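One structure below.
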Amino acid sequence: MLTLNFIRENKDLIIERLKVKNFDAGQTLDNIIELDNKRRETQQKADSLQAEMNSISKEIGHLFSQGLRDEADAAKKKTWEIKEKIKKLSISLTSIEKKLNQELLAVPNIPNELVTPGRSEEDNVKVKEGGKLPEMVNNPMPHWELAKKFDIIDFELGTKLTGAGFPVYKGKGAKLQRALINFFLDEGEASGFSEVLPPVIVNEDSSFATGQLPDKEGMMYHVPIDNYYLIPTAEVPVTNIYRNVILDADRLPIKNIAYTPCFRREAGSWGAHVRGLNRLHQFDKVEIVVIAHPDKSYEALDMMLNHVEGLVDKLDLPYRIMRLCGGELSFTSALTYDFEVFSAAQQQWLEVSSVSNFESFQSNRLKCRFREKGEKQNKLVHTLNGSALALPRIMAAIIENNQTPDGIKIPEALVKYTGFKSI
RNA sequence: GGAGAGAUGGGUGAGUGGCUGAAACCACUGGUUUGCUAAACCAGCGUACUCUAAAAAGGGUACCGGGGGUUCGAAUCCCCCUCUCUCCGCCA
């Protein structure tokens with residue numbers, strides 16, 4: 001969420017910038033400022049009464065120690081009324097703060113200047129295209145047919161074990177999956193990311209801090225008996241490492257990489273266009289997370305884009321990089337680039353990575369700050385994250401684009417990980 | 001799962017109702033001393049909200065795992081929860 005100070009000082013700017021996200025913030029910001037004024041007023045009153053209470057209490061202590069019981073009892077009587085007032089004020093303060101917080105949570109992050117207005121996918125801006133479209137065999141098969149033909153992914157078996165969207169990878173398919181994970185992690189390490197292997201189930205606090213709760217509750221699997229949530233992305237546990245933490249400035253940027261399975265309920269988003277690996281309830285992903293100095297976060301974003309581009313490049317996949325328009329940009333993001341690879345048999349672009357700078361929007365909620373040498377005030381860090389990469393669609397593209405009359409050719413860069421050159 | 005012990009500032013750790021936002025030590029930062037290093041000595045050293053000033057400085061309030069309660073007053077007493085440690089049970 002945006003900070004109160006920023007909202008107080010930049011109301012008009014925020015309203016203007018949020019138009020790009022098709023969000024009308026006027027009313028909400030007015031409410032926020034009004035509630036904040038009330039909050040300050042109420043708190044001031046309560047604080048000064050409390051100060052009075054504290055000094056009377058001290059006095060009573062002294063009176064008692066001098067054995068002046070009657071005077072002490074008289075002083076006690078004085079406190080009753082003040083106490084009552086404080087109680088009332090603190091009740092209303094709590095309710096003001098609750099409302100204020102709700103309003104604050106309703107304001108999206110303001111988009112970076114590069115973000116253009118727009119409503120849908122068509123309005124995204126292509127900033128780069130790379131790789132070569134593959135030469136296809138006649139009548140290319142989509143990956144779900146190839147998966148069946150070579151018995152490397154079994155969707156029906158997954159349905160038996162769990163349900164739709166939980167495929168079973170078999171034989172060389174399983175090995176290819178494992179190869180991709182290791183490839184992505186090794187490449188990340190080479191780019192200076194340090195690996196973490198976090199839990200894939202998190203508590204409520206973590207889900208709130210990265211913003212999955214309360215608004216996106218339906219997207220996560222919930223374990224009611226312990227009130228835990230299955231992570232929809234490694235962003236949740238990895239970013240939460242830095243919840244409530246004050247970092248020394250010289251530790252920045254922090255670059256983490258993590259492989260985890262991801263779990264998404266995807267309620268209501270099923271349809272004919274999501275066959276095969278295109279959308280799953282459980283999938284593997286390697287995620288990169290960067291905690292950056294505010295002045296350097298766009299540098300970090302570029303670094304992440306370069307890293308992801310290197311991955312699709314090495315896998316010989318045709319790709320394009322899209323800058324999301326205002327309407328497509330997520331609630332928390334200031335700037336997002338999507339990587340899409342072309343899936344030759346399906347004749348469509350598949351999103352395989354989304355790299356975003358959240359600036360201080362996420363860190364404010366997360367309370368992740370840093371201390372600059374010589375400065376007193378702690379400041380919020382900038383957080384960024386991106387997939388590097390999400391496995392299923394990469395797998396789909398590799399399988400489809402590299403199909404030959406005899407089988408499926410494994411990209412050169414992966415061979416040392418798979419141990420075989422074709423399926 | 002059962003029984004017991006515990007949770008205090010960056011760390012160790014004192015503190016069982018007012019003189020404690022919190023001793024002491026260590027770490028850290030600045031200074032003095034010094035040819036350099038080390039040592040010694042002095043000083044500083046939490047977070048959030050808020051007020052005055054709006055740079056610097058100062059004041060108020062809250063925070064001793066989390067939440068609630070008793071009291072004029074709670075780190076300290078009571079209740080609930082969470083976590084850690086030890087023992088027992090179970091187990092990959």
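Quick caveat: nothing in here was measured; it's all calculated off a predicted structure. Below, chain A is the first sequence line, B the second, and so on; all start at residue 1. Only heavy atoms go into these numbers, but all of them, side chains included; no hydrogens, no water, no symmetry mates.
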Spacing of the [atom1] atoms in [M] and [N] (rounded, Å):
{"N": "rG4(B)", "M": "rC78(B)", "atom1": "P", "answer": "16 Å"}
{"N": "rA5(B)", "M": "rG18(B)", "atom1": "C1'", "answer": "30 Å"}
{"N": "rU16(B)", "M": "rG11(B)", "atom1": "C1'", "answer": "25 Å"}
{"N": "rC63(B)", "M": "rG44(B)", "atom1": "C1'", "answer": "23 Å"}
{"N": "rU71(B)", "M": "rU8(B)", "atom1": "C1'", "answer": "23 Å"}
{"N": "rG68(B)", "M": "rU82(B)", "atom1": "C1'", "answer": "15 Å"}
{"N": "rC83(B)", "M": "rU47(B)", "atom1": "P", "answer": "29 Å"}
{"N": "rU29(B)", "M": "rC19(B)", "atom1": "C1'", "answer": "31 Å"}

Let's see if you get this right: which residues in [range] place a heavy atom under 4.0 Å from RNA chain B?
{"range": "residues 33-62 of chain A", "value": "Arg39(A), Arg40(A), Gln43(A), Gln44(A), Asp47(A), Gln50(A), Ala51(A), Met53(A), Asn54(A), Ser57(A), Ile60(A), Gly61(A)"}
{"range": "residues 69-85 of chain A", "value": "Lys76(A), Thr79(A), Lys83(A)"}
{"range": "residues 200-208 of chain A", "value": "none"}

Salt bridge (Lys or Arg N to Asp or Glu O under 4.0 Å) contacts in which one or both residues fall within residues 167-180 of chain A, not counting sequence neighbours: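 Output for this query lists Asp151(A)-Lys170(A), Asp154(A)-Lys170(A).
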
Summary of salt bridge (Lys or Arg N to Asp or Glu O under 4.0 Å) pairs that have at least one residue in residues 246-258 of chain A, sequence neighbours excluded: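 Sorted result for residues 246-258 of chain A: empty, none.
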
Exceeds 12 heavy-atom contacts within 6.0 angstrom, atom CD of Glu412(A):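 Counting other residues, nucleotides and ligands, CD of Glu412(A) stays at 12 neighbours or fewer.
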
By side-chain hydrogen bond (donor to acceptor under 3.5 Å, both in side chains), which residues pair with [X], not counting sequence neighbours?
{"X": "Ser297(A)", "answer": "Asn357(A), His382(A)"}
{"X": "Asp186(A)", "answer": "Tyr417(A)"}
{"X": "Lys314(A)", "answer": "Glu187(A)"}
{"X": "Ser343(A)", "answer": "Gln346(A), Glu400(A)"}

Qualifying residues under side chain to side chain contact (heavy atoms under 4.5 Å, CB included), relative to Asn5(A), sequence neighbours excluded: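 Applying side chain to side chain contact (heavy atoms under 4.5 Å, CB included) to Asn5(A) gives Thr3(A), Arg8(A).
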
[X] side chain vs [Y] backbone, donor-acceptor pair below 3.5 Å:
{"X": "His222(A)", "Y": "Tyr229(A)", "value": "no"}
{"X": "Ser363(A)", "Y": "Leu366(A)", "value": "no"}
{"X": "Lys21(A)", "Y": "Ser330(A)", "value": "yes"}
{"X": "Asn10(A)", "Y": "Phe6(A)", "value": "yes"}

Tyr259(A) and Lys285(A), any side-chain heavy atoms less than 4.5 Å apart: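 No; the side chains remain at least 4.5 Å from each other.
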
[N] - base-pair partner by Watson-Crick or wobble geometry, distances under 3.5 Å:
{"N": "rC41(B)", "value": "rG31(B)"}
{"N": "rG17(B)", "value": "none"}
{"N": "rU12(B)", "value": "rA24(B)"}
{"N": "rG65(B)", "value": "rC81(B)"}
{"N": "rG1(B)", "value": "rC88(B)"}
{"N": "rA74(B)", "value": "none"}
{"N": "rA54(B)", "value": "none"}

Extract all donor-acceptor atom pairs below 3.5 Å that involve side chains of residues 95-102 of chain A and protein atoms in other chains or at least two apart in sequence.
none

Heavy-atom contact window of chain A on RNA chain B, given 5' to 3' at under 4.0 Å: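 In short, chain A contacts RNA chain B from rG18(B) to rG73(B).
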
Non-hydrogen atoms of Lys379(A) and Glu372(A) that approach each other most closely: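 So the minimum-distance heavy-atom pair works out to NZ-OE1, 4.0 Å.
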
